[in-house]
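Only one structure is covered here, and it is reproduced in the block below.
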Amino acid sequence: MAKTTSDKPADWEIATRLVRGGSLRSQFGETAEAIFLTQSFLYESAEAADARFAGADDGFIYSRYANPTVRMFEDRLALLEGAEACRAQASGMASVHLALMGLVRAGDHIVAGQALFGSNRWILNNWAPRFGVETSMVPAPDIAAWRAAVRPNTKVFLIESPANPLLEITDIAAVSALAREIGARVVVDNVFASPILQKPLQLGADVVVYSATKHIDGQGRVLGGAVLGAHDLLEEAYRDPIRHTGPALSPFNAWVLLNGLVTLDLRVRRQSETAAGLADRIAEHAKVRTIRYPGRPDHPQYEIARRQMTGGTNQMQGGGTLIAFDLGDQAAAFNFLNALQLVDISNNLGDARSMATHPNTTTHRSMTEEQRLEIGLTAGWVRLSVGLEGPGDLWRDLGRALDAA
Ligand SMILES: *Cc1c(COP(=O)(O)O)cnc(C)c1O
């Protein structure tokens, strides 16, 4: 049993942080956290308004800037992450965009892994260049490639690990050490690992980004996102862009996500445990050519995954909730998907419901054939997000669909 060292929330066990962290009770003493559906806030006097706008007290001004329900979600997620500060946004992409654009200006350069969530790639390749920011994409497991891509104007490294869709692992500590050497900042999209399995700030990263839409909600309901890091960095890089470009998370969605956090540890542990068992059975099936699961010794970056997907202070080792496997060609992949009866066909992930998708024709269809080949993505690959259903039922469904592939 982990030892709690004090009554301070930052010293609580993870389970306690997720149930109690960040709660703000109103004068009514409600049990559950309140949803503060309000746009703005009132001041006792003209002087009080003056003081608040001057920053003399940290009361709320306007929900584009901050809101009590959103603040509860931010504080609870920050406690879980072990970050000084957190700011929440309306979607994971609003968070990735903010995280990157807040750290660069025209003439700067970004280095990122080649395997990325499709919209992350779009921001780097199609959007940032319009503002004079260039990106070099490297094979992410190769640290020498990150070093070789560095230019005098490199300001940011973007890491996604495990990466979408083939679960490639980047050595976060090694890339962070390189960043420190050259004075660049490291942003980690930690969606696939979730804050339960991987703590990038402890490995040397500067900013962690989430799509809260995935594991943090975990029940398929709302969109949300967050950026986390040191208080001063978040203030300097993101405070004014948040205030003036308006990516604010709705208080209602923040409330759903706040309650998602309560069960996050339980869900991710169980889903990861089920995924590990299923990965071994899938790997043994005759129709499966290759499997990628960070918890299996045949994963190309297994040793790095073992080192960094440990849950930080949470003391848990895990391969995560996602599995990718190659069935040879598109027809086999489609046969597999169409034979599923319990598992849904969906491009979402981190949900309590298991879901499978064919990246080539869905999430990664906007990439060129050449770009897909660079990351090893061919037409037979399927990505499976393992949910909370019973492992026996899942294997019956997956095994039957593999037979049909
Ligand atoms: C889903 C996802 C995002 C974007 O999140 P949204 O909430 O859908 O905007 C970003 N990065 C990764 C790795 C994702 O899986």
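- Minimum heavy-atom separation, A99 to V187: CB-CG1, 4.1 Å.
- Nearest heavy atoms, A356 versus V382: CB-CG1, 4.3 Å.
- A donor-acceptor pair under 3.5 Å is formed between the side chain of Y293 and the backbone N or O of G320.
- For the side-chain hydrogen bond (donor to acceptor under 3.5 Å, both in side chains) condition, the pairs that include at least one residue of residues 348-367, sequence neighbours left out, are D351-R353, S354-E389, T357-T362, H358-T361, N360-R372.
- With hydrogens and angles disregarded, a donor-acceptor distance shorter than 3.5 Å links the side chain of E160 to the backbone of N164.
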(message) Run the side chain to side chain contact (heavy atoms under 4.5 Å, CB included) test on V262 and L18 for me, step by step, so that the C-alpha distance in whole Å, both residues' side-chain angles and the decisive distance to 0.1 Å come before the verdict.
(response) CA-CA 5 Å; V262 173; L18 290 176; 5.7 Å; no

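- Two residues are said to be in side-chain contact when any heavy atoms from C-beta on lie closer than 4.5 Å; N67 and E74 fail this criterion.
- Counting all heavy atoms, side chain and backbone alike, T154 lies closest to A149 at OG1-O, 4.3 Å.
- The distance from the CZ atom of R383 to the CG atom of L377 is 11.0 Å, given to the nearest 0.5 Å.
- Taking every heavy atom of both residues into account, A401 and A339 meet most closely at CA-CB, 3.8 Å.
- Residues satisfying the side-chain contact (heavy atoms from CB on, under 4.5 Å) criterion with R289, sequence neighbours excluded, are D326.
- Y302 places no side-chain N or O within donor-acceptor distance of the main-chain N or O of P294, the cut-off being under 3.5 Å.
- When only modelled atom types and interatomic distance are considered, T321 and H215 share a side-chain donor-acceptor pair under 3.5 Å.
- Side-chain atoms of Y210 and L228, non-hydrogen and from C-beta on, do get closer than 4.5 Å to each other.
- Looking at E81, its side chain never comes within 3.5 Å of a backbone N or O of A78 through a donor-acceptor pair.
- Within a 6.0 Å sphere centred on CZ of R270, other residues, nucleotides and ligands contribute 12 heavy atoms or fewer.
- With hydrogens and angles disregarded, no donor-acceptor distance shorter than 3.5 Å links the side chain of K155 to the backbone of H109.
- Note on residues 218-238: pairs passing salt bridge (Lys or Arg N to Asp or Glu O under 4.0 Å), not counting sequence neighbours, are D217-R221, E235-R239.
- Salt-bridge annotation for E134 and R151: present, with a side-chain N of the basic residue lying under 4.0 Å from a carboxylate O of the acidic one.
- The side-chain hydrogen bond (donor to acceptor under 3.5 Å, both in side chains) analysis of residues 249-264, with sequence neighbours excluded, yields the pairs T263-R267.
- Between G319 and S272 the shortest heavy-atom distance is N-OG, 3.6 Å.
- Proximity of F41 to I61: side-chain heavy atoms (C-beta onward) are nowhere separated by under 4.5 Å.
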(request) Assess whether salt bridge (Lys or Arg N to Asp or Glu O under 4.0 Å) is satisfied between D265 and R17, documenting all intermediate values. (result) CA-CA 10 Å; D265 188 54; R17 297 180 204 190; over 6 Å; no

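- Side-chain contact between W127 and W122 is present, with at least one heavy-atom pair separated by less than 4.5 Å.
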(request) Let me see the working for L327 and N335 under side chain to side chain contact (heavy atoms under 4.5 Å, CB included), right down to the final yes or no. (result) CA-CA 10 Å; L327 296 175; N335 288 341; over 6 Å; no

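- Taking CH2 of W381 as the start and CD1 of I375 as the end, the distance is 10.5 Å to the nearest 0.5 Å.
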(request) Apply salt bridge (Lys or Arg N to Asp or Glu O under 4.0 Å) to the pair D393 and R396, showing each step before the final yes or no. (result) CA-CA 5 Å; D393 292 329; R396 195 169 52 251; 2.7 Å; yes

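- To the nearest 0.5 Å, atom CG of residue L166 and atom CG of residue L322 are 11.5 Å apart.
- Under the 6.0 Å distance and 45° angle rule, R243 counts as a cation-pi partner of Y65.
- Here D298 pairs with I291, R296 under the side-chain contact (heavy atoms from CB on, under 4.5 Å) rule; sequence neighbours left out.
- Side-chain contact check for F192 versus I169: every heavy-atom pair is 4.5 Å or farther apart.
- The main-chain N or O of V227 is never found under 3.5 Å from a side-chain atom of R87 such that the two would form a donor-acceptor pair.
- A 4.5 Å side-chain heavy-atom check between F73 and L249 finds at least one atom pair inside the cut-off.
- Using a 4.5 Å cut-off on side-chain heavy atoms (C-beta onward), S161 and Q308 make contact.
- In this structure a side-chain-to-backbone donor-acceptor pair under 3.5 Å is present from W146 to A140.
- One finds the CG atom of L197 at 10.5 Å from the CD atom of Q271 (value rounded to the nearest 0.5 Å).
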(message) For L80 and I196: C-alpha separation, side-chain torsions, deciding distance, then whether side chain to side chain contact (heavy atoms under 4.5 Å, CB included) applies.
(response) CA-CA 8 Å; L80 169 61; I196 301 301; 4.0 Å; yes

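- Residues D189 and I159 form no side-chain contact, since every pair of their non-hydrogen atoms from C-beta on lies 4.5 Å or further apart.
- Sorted by first and then second residue, the salt bridge (Lys or Arg N to Asp or Glu O under 4.0 Å) pairs with a member in residues 19-33 read E33-R76; sequence neighbours excluded.
- Between F36 and F252, the ring centre distance reaches or exceeds 6.0 Å.
- With salt bridges taken as basic N to acidic carboxylate O contacts below 4.0 Å, one links K8 and D11.
- Put simply, the side chain of S95 gets close to the backbone of S91: a donor and an acceptor are under 3.5 Å apart.
- From D329, atom CG reaches atom OG1 of T378 across 9.5 Å, with rounding to the nearest 0.5 Å.
- Without hydrogens or angle criteria, Q330 side chain to G380 main chain gives no donor-acceptor distance under 3.5 Å.
- Checked by atom type and distance alone, the side chain of D75 never pairs as donor or acceptor with a backbone atom of M72 at under 3.5 Å.
- Counting only N and O atoms by type, the side chains of N190 and Q198 include a donor and acceptor under 3.5 Å apart.
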(message) Would L103 and M101 count as a side chain to side chain contact (heavy atoms under 4.5 Å, CB included) here? Give the steps.
(response) CA-CA 5 Å; L103 294 177; M101 298 306 256; over 6 Å; no

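- Between V207 and L201, the closest heavy-atom pair is N-CD2, 4.2 Å.
- Taking CG from L124 and OG1 from T135, the interatomic distance works out to 4.0 Å, rounded to the nearest 0.5 Å.
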